Amino acid sequence: MTLSILEQLEVVLASRKDADPDSSYVASLHSKGLNKILEKVGEEAVETVLAAKDAERDGDNSKLIYETADLWFHSLVMLSHLGGNHQQVLDELARRFGLSGLDEKAARDTQS
Ligand SMILES: N=c1c2ncn([C@@H]3O[C@H](COP(=O)(O)OP(=O)(O)OP(=O)(O)O)[C@@H](O)[C@H]3O)c2ncn1[C@@H]1O[C@H](COP(=O)(O)O)[C@@H](O)[C@H]1O
């Protein structure tokens with residue numbers, strides 16, 4: 001079974017919760033605490049909004065994709081810090097979409 005990028009990243013994020021803050025960016029965020037992580041999420045959200053405006057003006061989404069990746073990444077660190085994970089977010093989206101978690105996985109499997 002191959003793990004998705006989000007699943008692989010989550011394994012790495014979990015391993016960084018007790019890692020050395022001097023050798024890991026994620027560990028340094030955990031050691032600084034929730035407020036620092038939230039500051040980064042807010043910062044990346046603003047950068048994503050600004051990049052969306054630039055994308056509309058320039059007809060180029062590349063910076064927007066980069067900033068959205070930063071936002072998703074820091075949101076995953078926030079969830080990890082609080083004991084949550086990306087699957088809970090996917091499950092919530094699936095629930096809204098009217099699918100069970102199992103059906104969502106099956107739909108994903110048929111696409112790969
Ligand atoms: N995906 C990411 C990722 N995306 C963004 N970033 C970091 O997020 C930061 C973005 O913040 P900014 O743009 O504000 O840059 P900055 O000025 O350096 O940040 P601050 O000093 O303001 O905190 C940068 O330092 C990026 O390096 C990431 N750092 C790590 N990862 C992943 O997390 C894994 C674990 O990383 P470590 O904990 O460093 O081993 C890595 O293997 C990667 O897969």
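Position 1 is the first residue of the sequence, and the numbers go up from there. Keep in mind that what you see is a predicted model, and the values were worked out from it rather than measured. Counting convention: from 1, in listed order, for ligands and their atoms alike.
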> Does the protein place any heavy atom closer than 4.0 Å to atom 3 (C) of ligand 1?
Replying inline: yes

>> Which residue and atom name correspond to the protein heavy atom nearest atom 33 (O) of ligand 1, and how close is it?
In response: Phe73 CE1, 3.4 Å

>> If we ignore hydrogens and angles and just use 3.5 Å, is the side chain of Glu10 paired with the main-chain N or O of His86 as donor and acceptor?
In response: yes

> Can you find an N/O atom of Ser23 closer than 3.5 Å to an N/O atom of ligand 1?
Replying inline: no

> At a non-hydrogen distance cut-off of under 4.0 Å, which region of Tyr25 contacts ligand 1 (side chain, backbone, both, or neither)?
Replying inline: both

> Any protein heavy atom under 4.0 Å from atom 21 (O) of ligand 1?
Replying inline: no

> Is it true that His74 and Tyr25 have ring centroids separated by less than 6.0 Å?
Replying inline: yes

> Is there a protein heavy atom at a distance of less than 4.0 Å from atom 43 (C) of ligand 1?
Replying inline: no

>> Distance check, rounded to the nearest 0.5 Å: Glu67 atom CD versus Asp54 atom CG?
In response: 9.5 Å

> If you measure from OG on Ser75 to CG on Leu38, what distance do you get to the nearest 0.5 Å?
Replying inline: 10.0 Å

>> I need the contact type for His74 against ligand 1. Using non-hydrogen atoms and a strict under-4.0 Å cut-off, is it side chain, backbone, both or neither?
In response: side chain

> Okay, side chain of Gln8, backbone of Leu3: is any donor-acceptor separation there less than 3.5 Å?
Replying inline: yes

> Among protein heavy atoms, which sits nearest to atom 38 (O) of ligand 1, and what does the distance come to when rounded to 0.1 Å?
Replying inline: Ser24 OG, 2.5 Å

>> Distance under 4.0 Å to a non-hydrogen atom of Asp70: what atoms of ligand 1 satisfy this?
In response: 4 (N), 5 (C)

>> Return the closest protein heavy atom for atom 13 (O) of ligand 1 as residue, atom name and distance.
In response: Glu44 OE2, 4.0 Å

> Val77 and His30: which non-hydrogen atoms are nearest, and at how many Å?
Replying inline: O-CE1, 3.9 Å

>> Taking only non-hydrogen atoms of Glu43, do any sit less than 4.0 angstrom from ligand 1?
In response: yes

>> For the residue pair Asn35 / Glu39, report whether a side-chain donor-acceptor contact shorter than 3.5 Å exists.
In response: no

> Nearest protein heavy-atom contact for atom 19 (O) of ligand 1: which residue, which atom, what distance?
Replying inline: Lys40 NZ, 3.2 Å

>> Among all protein heavy atoms in this structure, tell me which lies nearest to atom 35 (C) of ligand 1, with the distance rounded to 0.1 Å.
In response: Val12 CG1, 3.7 Å

> Under 4.0 Å from ligand 1, counting heavy atoms only, is it the side chain of Val26, its backbone, both or neither?
Replying inline: both

> In Å and rounded to the nearest 0.5 Å, what is the CG to OG1 distance from Leu71 to Thr48?
Replying inline: 4.5 Å

> Are the side chains of Lys17 and Ser80 in touch, meaning some heavy atoms are under 4.5 Å apart?
Replying inline: yes

> Could any protein non-hydrogen atom be found less than 4.0 Å from atom 10 (C) of ligand 1?
Replying inline: yes

> So, the side chain of Ser24 versus the backbone of Arg16: is there a donor-acceptor pair under 3.5 Å, distance only?
Replying inline: no

